[in-house]
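Letters A, B, ... mirror the listed sequences (proteins, then strands); counts begin at 1.
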2 protein chains.
Amino acid sequence: MQQRTMKSRMMEKVKAIASECRLFENIRPEELCALLVCLDFKVGSFSRNDIIKMAGALFEGVGVVIEGQVSVVKENAAGERIVFSILKQGELFGEMAAFSGDRRWPATVIAQTDCSVMYVPSDKLVGQCEASCSGHSKLILNMLGILSRKAITLSRQLEFLSIRSMRGRIAAFLLEQHKKSGRATFMLDMNRNELADFLNVARPSLSREMCRMRNEGILDFHRSSMQIRDMAALKDAAQER
Amino acid sequence: MQQRTMKSRMMEKVKAIASECRLFENIRPEELCALLVCLDFKVGSFSRNDIIKMAGALFEGVGVVIEGQVSVVKENAAGERIVFSILKQGELFGEMAAFSGDRRWPATVIAQTDCSVMYVPSDKLVGQCEASCSGHSKLILNMLGILSRKAITLSRQLEFLSIRSMRGRIAAFLLEQHKKSGRATFMLDMNRNELADFLNVARPSLSREMCRMRNEGILDFHRSSMQIRDMAALKDAAQER
DNA sequence: ACAAATCGGTAACTATAGTTACGGATGTAA
DNA sequence: TTACATCCGTAACTATAGTTACCGATTTGT
């Protein structure tokens, strides 16, 4: 009785979180209920610091954080453990691995807090049920969208890091912001530390170079308020290596 | 009559190339014939240097090179045109954009030689036909696989470029090769120029650093023959920034 | 066998970026 | 308003990486 109550509470939680998760976007609540039944998903609960999935273990399905927070941790070539990302409820993990053909977890997933996660097996994700409910098609589209955007994001970051000079990276970034905002004056939405991390440079060096560009009349800025003053020079700067 | 012959010759060509394309992997020839009918794809032919698709134009579908060679060209932030990739027959383009939600070509596609390309509309890729032929499911799985592996490849490259020191990148690369081959002695399959491009460093600088590592007893190599002599030191080197 | 092309290593030099520590400006909390 | 924390800019220094040109070794083509 009490166990059944716990199970149905977890089911309610799964529904609530799934309805806000990109994997289940554009799926109406009734469709979602039917779909969740079809998906044959599993839920696991973990205590803080538990290892949810170990890298190299057999892959069972795409993970969704239902409660709490998890970190995805990878071992670099040197065997050093690096935090790849920290995920909160509604966020996915394992999505790049799900259809890659390599049936192992590529990274270790660790509970950052007490948490619950659900797993949706890859074959269920792309399968159809006897009822052929429309949720399945949307799920597939969502999965394709997730992977597409992931690839695009990675590609964008790679474009920045392929620029060897710091000035080139700064210029490319600001030109991108300018293109997005449509204006020569805009607010940066990262602090210096975050921008330095994003461009993979040292914060004091970033500051030095940005100030040089201001002194040369290319930019004008104060903290996160940014204005491009010499677009031609900025474009020249973005072209250098 | 002659036009019909040309059309059926092109159809034969499409079938032949499609059977070797990853998008149509694991699809039996009979399935493929039925599928190609369902897909409502288009074929375009172009002369050398023609613009096949202009960046920003409305996206119509994933492209497959049927004949010849095309280059995918992107404009960087500075407006400078950069060759992103050169594709030969059977290879795909536009696959990252197909389900990203942004309905425009993100890059320009140019005919490197006289060529033909086919376009498969995104909605046809994920759709089902009345016959629900099994080729559709495989197509979807293939598409998911292509995007997954693309993301994984980009992620791998990003891992290298996120290492700031040249020595760190070299070490990470060699440790990866060691892991792949299972041995401390292996052949590099890139020449120095290619390796320098891959690690995004200057060739003479790459040479200098590799030779220093050899002089320090970490490596032993002659041209593309490589041996790791001090694994611990190499791992230490891979950990630095 | 020989000439030409390609590849890889080197030197000398220039340029860039990282590091460490600090302090003023700004924001936040009491 | 004040104290504390955070953020950003700076200086002085060290370290690393890029550039240019060249040359010997190796490969390729005739």
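We find that CZ of B:R169 is positioned 13 Å from C1' of C:dA17, with the value rounded to whole Å. What separates CG of A:N200 from C1' of D:dT16 is a distance of 15 Å, to the nearest Å. Look at CZ on B:R212: it is 8 Å from C1' on D:dT16, rounded to the nearest Å. Look at CE on B:M213: it is 18 Å from C1' on C:dT10, rounded to the nearest Å. Atoms CD1 (A:I163) and P (D:dA17) sit 19 Å apart, rounded to a whole Å. Between the CZ atom of A:R167 and the C1' atom of C:dT16 there is a distance of 11 Å, rounded to whole Å. In this entry the distance linking CG of B:L206 with P of D:dT19 reads 14 Å, nearest Å. Atom CE of B:M226 is separated from atom P of C:dG8 by 11 Å (rounded to the nearest Å).
Using a 4.0 Å cut-off between charged nitrogen and carboxylate oxygen, B:R48 and B:D114 do not count as a salt-bridge pair.
Applying the side chain to side chain contact (heavy atoms under 4.5 Å, CB included) test to B:S224 and every residue at least two apart in sequence or in another chain returns B:M187, B:L188. Here B:R156 pairs with B:E176 under the side chain to side chain donor-acceptor pair (under 3.5 Å) rule; sequence neighbours left out. Judged as a side chain to side chain donor-acceptor pair (under 3.5 Å), and not counting sequence neighbours, B:S19 has no contacts. Partners of A:E216 by side chain to side chain contact (heavy atoms under 4.5 Å, CB included), not counting sequence neighbours, listed by chain and number: A:R167, A:R212, A:I218.
Each end of the helix from C:dA1-D:dT30 to C:dA30-D:dT1 gets its own axis, taken as the rotation carrying the C1' atoms of four end pairs onto the next four within a five-pair window, and the two axes meet at 60° to the nearest 10 degrees.
Counted by atom type alone, B:S71 and B:Q112 present one or more donor-acceptor pairs between their side chains at under 3.5 Å.
For the pair B:K180 and B:F186, the cation-pi test (distance below 6.0 Å, angle within 45°) is failed. Seen from the ring of A:F59, A:K53 does not count as a face-on cation partner, given the 6.0 Å and 45° thresholds.
Aromatic ring pairs are classed by plane angle as parallel below 30°, tilted from 30° to 60° and perpendicular above 60°; the pair A:F93 and A:W105 is tilted.
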Review item, nucleotides 6-15 of chain D N/O atoms under 3.5 Å of protein N/O:
unit_1	atom_1	unit_2	atom_2	d
D:dC8	OP2	A:R192	N	2.8
D:dG9	OP2	A:R192	NE	2.9
D:dG9	OP2	A:S207	OG	2.8
D:dG9	N7	A:R203	NH1	2.9
D:dG9	O6	A:R203	NH2	2.9

